[in-house]
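Have a look at the structure below, then the notes.
What you see below is based on every heavy atom in this structure, not just the backbone, and it leaves out hydrogens, waters and symmetry mates. Proteins come first, then strands; the chains are lettered A, B, ... in the order of their sequence lines, and each starts at number 1.
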Amino acid sequence: MADKNVLVLGGGIAGLSAARKLADFDIGVQLIEKSAFLGGHGIQFSCKATDKCVKCGACVVEETLENVVRHPKINVLLNTQTQKITRSDGQFSVTLQKNPAYIDPEKCTGCGLCFEKCPAHGAISRGFSKSNLPFYAISEKNCLFMKDKSCSLCQDTCPEEAITLDQKRTDHVCETDAIIVATGFEAFNPESKPYGYNVFDNVITSLELERTLRQESIVSRPSDNKPPEKIAFIQCVGSRDAKLGHLWCSKICCGSSLRMAKLIRSRQPETEMAFFYMDVQTFGKDFQVFYETVQDDIRMIRAIPGDIFRTETDRLRMAFLDNSTHEILEEIFDLVVLSVGITPGKDTKELADQLHLAVSDSGFLSPSENGIFTAGTALGPMSIAETISNAGNAVWETLKYLRI
Amino acid sequence: MGNVEIFKNLKMKKVTPLTEKTLVIGNGPQARCIAEELLAKDADLIVASEENAFVLPFPEKTEILTGVKIRSCEGSVGNFNLTLDKDGEKVSRIVENVIIAEEAVRKPNFSLYGLTPCANVISLSQLKESLSDDSRPFFKNKKFVFLTGLAKESNAVILEEIMRASLKLQSEFHAKTYILTKNLKVAGHGLELLYRRTKEAGAVYIKFTESQPEIHQQEDDGPVILTFTDDITGEQFRLTPDITVADETISPPENTSDLAAIFGLDTDPHGFLQSDNVHRISVLTNRKGIMVAGPSRDIQSPGEEITDTGNLALSIFKPSDERETASAYKAQINPRLCSGCLTCYSVCPYNAILPDTTASVMPDACEQCGVCAAVCLSRAITIKGLTYIEISDHIEKNTPQKKETFTPFLLAFCCKRSAARAHELASCMGHKLPPGLKIIEVPCAGGVSHYHIFLALRNNADGVLVLTCHEGNCHSERGNLYAHEQLNMIGSFLEIAGFEKERLLIKPLASNMSKEFAEITNTFEKKILDLGPSRFKMKKQDFSFLT
Ligand SMILES: Cc1cc2nc3c(=O)[nH]c(=O)nc-3n(C[C@H](O)[C@H](O)[C@H](O)COP(=O)(O)OP(=O)(O)OC[C@H]3O[C@@H](n4cnc5c(N)ncnc54)[C@H](O)[C@@H]3O)c2cc1C
Ligand code: SF4
Ligand code: SF4
């Protein structure tokens with residue numbers, strides 16, 4: 001079984017667990033990640049345990065990532081994308097384009113001086129896990145050196161001399177026996193909805209709330225850093241939406257948002273919470289109990305609100321149809337969280353063309369076999385647990401294909 | 001002789017698999033799917049079922065045991081010794097792995113809706129069966145009401161079946177369908193689309209939020225009348241269906257609780273054969289070498305049997321990792337010290353203890369959590385990383401120099417899966433941590449015993465923290481709960497002796513909680529600053545029980 005080689009595209013939990021399982025069978029893995037950090041969406045999530053674990057799965061991503069970066073059979077290429085893929089005699093030849101990392105992971109100690117000193121907003125970003133190596137990354141879009149070479153502060157201050165700004169993009173060709181596509185999803189961008197996202201500071205997405213809870217452990221209003229007194233969650237933003245042609249339930253947002261709402265209630269008990277929804281989906285093995293108790297803490301309102309307006313005192317006003325009185329009610333909140341759905345990744349089409357894969361009506365990849373396999377949310381909405389099982393099965397199909 | 005030496009001298013026999021046989025328990029589509037897949041890779045299989053005949057033909061090359069009841073299972077992965085009853089006779093088999101893959105049980109929810117089954121009140125399964133044989137003219141132009149998720153929450157598997165049935169009734173029998181529910185469970189592949197198609201074909205969905213429909217069945221086999229108020233318009237409605245279809249509760253297979261007891265498996269709140277723990281994704285259990293698949297482990301949607309089968313195959317064929325099997329890392333029991341109380345046997349989360357006049361450890365099953373060592377009153381059990389000498393060395397090396405101003409020396413026993421990772425992340429994120437904080441990484445908080453705590457206190461720790469996984473997230477299932485018990489007990493002893501029990505603190509913490517790690521440790525430091533330096537004193541001779 002020696003000397004087989006598999007290329008895994010995408011370093012989210014699907015790609016990570018696939019890589020790990022392949023490596024367990026002594027297969028060499030090239031793990032290709034487009035962004036500067038491994039872990040995909042899952043690594044950005046907060047643990048939502050109050051006193052007990054609520055089985056959101058976020059910590060599993062953390063654990064898998066750690067196992068992957070330590071594994072001798074897995075070679076990680078960050079900032080890398082596929083350019084061209086050709087196939088002959090059962091072998092794939094993949095041309096990869098790798099953007100420089102600028103920060104040498106071997107030298108970087110994660111001290112964070114570069115992050116502190118950088119004058120350009122957004123030019124240096126920070127990882128989410130200590131298994132993100134290096135822990136900092138330089139964004140070409142915002143870095144002043146990349147723009148006009150006017151600044152090299154980070155390079156000059158780094159005590160480890162880990163930063164080299166003057167680097168070029170490189171092309172690599174790699175031969176592989178099989179490919180697993182695990183390129184994940186794109187969280188819906190709610191700018192097109194009438195909720196004032198990117199207009200009002202205090203309208204945020206559930207993904208942003210996940211990150212905030214992970215990093216800050218509590219939530220405050222972006223506009224004034226004050227703890228919100230009233231928070232509204234709006235569900236199904238970008239999902240189950242015929243106007244958008246999104247005829248799918250994203251499956252994970254009811255669970256993720258309700259668990260976050262409960263977490264906030266336990267850490268900031270003064271906060272009033274309202275949850276606007278169409279239908280609450282069953283998640284987790286203990287849903288019945290969770291759902292019964294959640295209603296003690298959170299006002300469940302079966303309505304999808306209309307437009308959101310900003311009040312003079314910088315709060316948010318919205319209207320919705322009240323079910324018990326059948327009247328339109330107005331209510332004011334301090335923070336609105338839009339539970340954004342899972343949508344197909346931006347480069348799905350391009351990737352499908354490169355790999356000759358089919359795309360479903362909803363725009364996700366269709367399952368594939370025969371040398372190129374698919375795993376995770378690139379195929380459609382899945383939770384972390386489902387993604388891991390799905391990736392496991394893709395690995396088994398790959399092993400069968402490789403005759404191992 | 002110190003325990004460490006014993007640990008060095010004691011050679012454990014490494015149990016190598018005596019067989020590569022796999023036992024599959026089940027008699028349905030899931031078991032067959034597994035058997036076919038494993039056989040294609042030349043696995044050596046035994047398929048067993050309590051039923052007398054197999055519902056589905058099984059491939060050749062398989063040893064088939066019908067009408068057997070499993071009585072007991074001893075041993076560990078690679079060497080499970082099973083006793084089965086076949087026609088009153090005892091049969092035994094030795095296998096490497098066991099796979100439990102039975103089929104689910106469906107219970108119609110008639111009584112939850114106050115209904116009695118009859119010709120016009122049927123269950124979803126009855127309807128499905130009728131629909132699968134194509135000559136049911138009496139469905140023509142009939143009015144169907146589906147009741148689902150009204151009395152208790154339902155799921156996407158049931159809704160999908162209802163919607164498919166509805167579509168068939170609409171398209172083939174021109175029937176009219178009404179679906180009454182609370183929450184429409186569309187969280188399944190393609191279900192939102194299916195929902196819209198049924199609606200376009202004329203299905204009417206009525207959703208209830210706080211109210212419920214009033215359901216009346218005139219006499220026991222009489223027609224059903226439903227009355228309700230529409231949530232949105234507030235209008236009153238009355239429905240008189242020809243056929244009322246009650247949804248079903250999907251439960252674990254009948255023999256699940258017996259199998260759980262025989263194999264020492266944890267179950268979830270519904271009794272499925274897998275604890276509700278994220279570390280068991282997807283077919284794993286608390287026991288190495290025992291896997292569960294399909295309806296034995298959870299409510300499954302169509303297609304999932306294949307996914308489970310793939311994951312099972314990975315576990316079965318995975319080459320073993322040398323580190324995992326090296327017995328030097330496993331718990332070691334010194335038979336000369338063991339009193340035979342078998343406390344270890346009752347607490348081991350992985351069933352790795354072999355009970356006899358003295359206990360011994362089955363190294364292949366041991367996952368090095370240290371729970372057994374922590375509870376052993378005879379101190380007969382040692383485990384690498386948690387021995388008295390190792391911990392003591394570690395503490396001594398880390399004891400800070402006395403400073404002019406009081407800087408509390410805080411020792412935190414951190415679970416390697418959660419709190420130790422959170423500590424690393426906290427350092428990465430640049431959170432300020434107490435200067436006198438030292439970390440001792442342990443395989444599981446359940447392995448922290450009173451010896452360790454006393455060691456910490458004797459070595460001048462001003463405060464001792466035990467940081468565990470959250471309840472329900474412990475890899476060793478209950479290690480964190482044992483740690484709680486230990487710490488509470490020590491706390492009350494110390495209190496009686498006049499020592500501040502506030503110097504001990506136990507908290508749950510996940511691997512991704514860096515900010516919380518900083519908060520907990522800083523708050524604890526403040527508390528210890530208020531209490532001042534520890535006055536804990538133990539004379540050498542008081543301490544002899546530790547060495
Ligand atoms: C707000 C929100 C909250 C959620 N909360 C939960 C929760 O609590 N519990 C739960 O179980 N699930 C939750 N989910 C779902 C969870 O995010 C997914 O199940 C999981 O992230 C899927 O993993 P993945 O690897 O398929 O995709 P991703 O996480 O999207 O990872 C894909 C990776 O591939 C990379 N990539 C993309 N294209 C390319 C390319 N062309 N070449 C190379 N690399 C590429 C991406 O950069 C990314 O790193 C949530 C989702 C959202 C949006
Ligand atoms: S709540 Fe989520 S992140 Fe926290 S311990 Fe449980 S599964 Fe892990
Ligand atoms: S999971 Fe809940 S919020 Fe998300 S799309 Fe489905 S119904 Fe809407």
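Atom CD1 of residue A:Ile43 and atom CG of residue B:Asn512 lie 8.0 Å apart, to the nearest 0.5 angstrom. The line from CG of B:Leu193 to OG of A:Ser362 is 7.5 Å long, rounded to the nearest 0.5 Å. One distance of note links CE of B:Met513 with SG of A:Cys59; it measures 9.5 Å at 0.5 Å rounding. With values rounded to the nearest 0.5 angstrom, A:Leu247 atom CG is found 11.5 Å from B:Tyr195 atom OH. Note that OG1 of B:Thr309 is 8.0 Å distant from CG of A:Asn393, once rounded to the nearest 0.5 Å. Distance check: A:Trp396 CH2 to B:Ser315 OG gives 10.5 Å after rounding to the nearest 0.5 Å.
At a 4.5 Å heavy-atom cutoff, the contact between A:Asn390 and chain B is made by backbone atoms alone. No part of A:Glu386 comes within reach of chain B, as not one of its non-hydrogen atoms sits under 4.5 angstrom from that chain. Residue A:Phe283 does not touch chain B at all, counting heavy-atom pairs closer than 4.5 Å. In this structure, chain A has heavy atoms under 4.5 Å from both the backbone and the side chain of B:Ile306. For chain B, the nearby parts of A:Asp24 are the backbone and the side chain; heavy atoms of each come within less than 4.5 Å. Heavy atoms of A:Lys285 lying under 4.5 Å from chain B belong to its backbone as well as its side chain. Residue A:Glu292 does not touch chain B at all, counting heavy-atom pairs closer than 4.5 Å. Proximity to chain A (any heavy atom under 4.5 Å) is shown, for B:Leu425, by both the backbone and the side chain. Contacts between B:Asp268 and chain A at a heavy-atom distance below 4.5 Å involve the side chain alone, from C-beta outward. Interface residue A:Tyr136: only side-chain heavy atoms are found under 4.5 Å from chain B. Interface remark: A:Ser360 contributes no atoms to any contact with chain B (heavy atom separation under 4.5 Å).
Using a 4.0 Å cut-off between charged side-chain N and carboxylate O, A:Lys400 and B:Glu37 make a salt bridge. In summary, B:Lys207 and A:Asp279 engage in a salt bridge, as defined by a charged side-chain N under 4.0 Å from a carboxylate O. A salt bridge is absent between B:Arg421 and A:Glu62: the closest approach of a Lys/Arg side-chain nitrogen to an acidic carboxylate oxygen does not fall below 4.0 angstrom. Remark: A:Arg267 engages B:Glu516 in a salt bridge, criterion side-chain N to carboxylate O under 4.0 Å.
Side-chain contact check for A:Ser217 versus B:Glu519: some heavy-atom pair is nearer than 4.5 Å. The shortest side-chain heavy-atom distance between B:Glu424 and A:Lys130 falls under the 4.5 Å cut-off.
If you check the side chains of A:Tyr277 and B:Asn183, you find no donor sitting under 3.5 Å from an acceptor.
Distance alone, capped at 3.5 Å, is enough to place a donor-acceptor pair between the B:Lys185 side chain and the A:Val280 backbone. Side chain of A:Thr282 to main chain of B:Ser154: a donor-acceptor pair is present (N/O by atom type, distance under 3.5 Å, no hydrogens or angles). At distances below 3.5 Å, not a single donor-acceptor pair connects side-chain atoms of B:Lys515 with backbone N or O atoms of A:Leu213. No side-chain donor-acceptor contact under 3.5 Å links B:Glu153 to the backbone of A:Tyr291.
Of the listed residues B:Ala156, B:Gly188, B:Ser511, B:Cys428, the one with more heavy-atom pairs under 4.5 angstrom with chain A than any other is B:Cys428. Among B:Thr307, B:Ile281, B:Asn311, B:Asp276, the residue making the largest number of heavy-atom pairs under 4.5 Å with chain A is B:Asp276. For the set A:Glu66, A:Arg302, A:Met300, A:Met382, the count of heavy-atom pairs under 4.5 angstrom toward chain B peaks at A:Arg302. Put simply, of B:Glu304, B:Lys182, B:His189, the one with the most heavy-atom pairs under 4.5 Å next to chain A is B:Lys182. Ranked by heavy-atom pairs shorter than 4.5 Å toward chain A, the options B:Glu210, B:Lys152, B:Glu192 are led by B:Glu192. Among B:Ile299, B:Asn155, B:Asp298, B:Asn480, the residue with the largest count of heavy-atom pairs under 4.5 Å with chain A is B:Asp298.
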*Would B:Leu314 and A:Phe25 satisfy side-chain contact (heavy atoms from CB on, under 4.5 Å), going step by step from the backbone distance to the final call?*
CA-CA 9 Å; B:Leu314 286 186; A:Phe25 280 81; 3.7 Å; yes

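Counting heavy atoms of neighbouring residues, nucleotides and ligands inside a 6.0 Å radius, atom NZ of B:Lys41 exceeds 12 of them.
For B:His279, the ring-ring contact (aromatic ring centres under 6.0 Å, His included) partners two or more places apart in sequence, or in a different chain, are B:His475.
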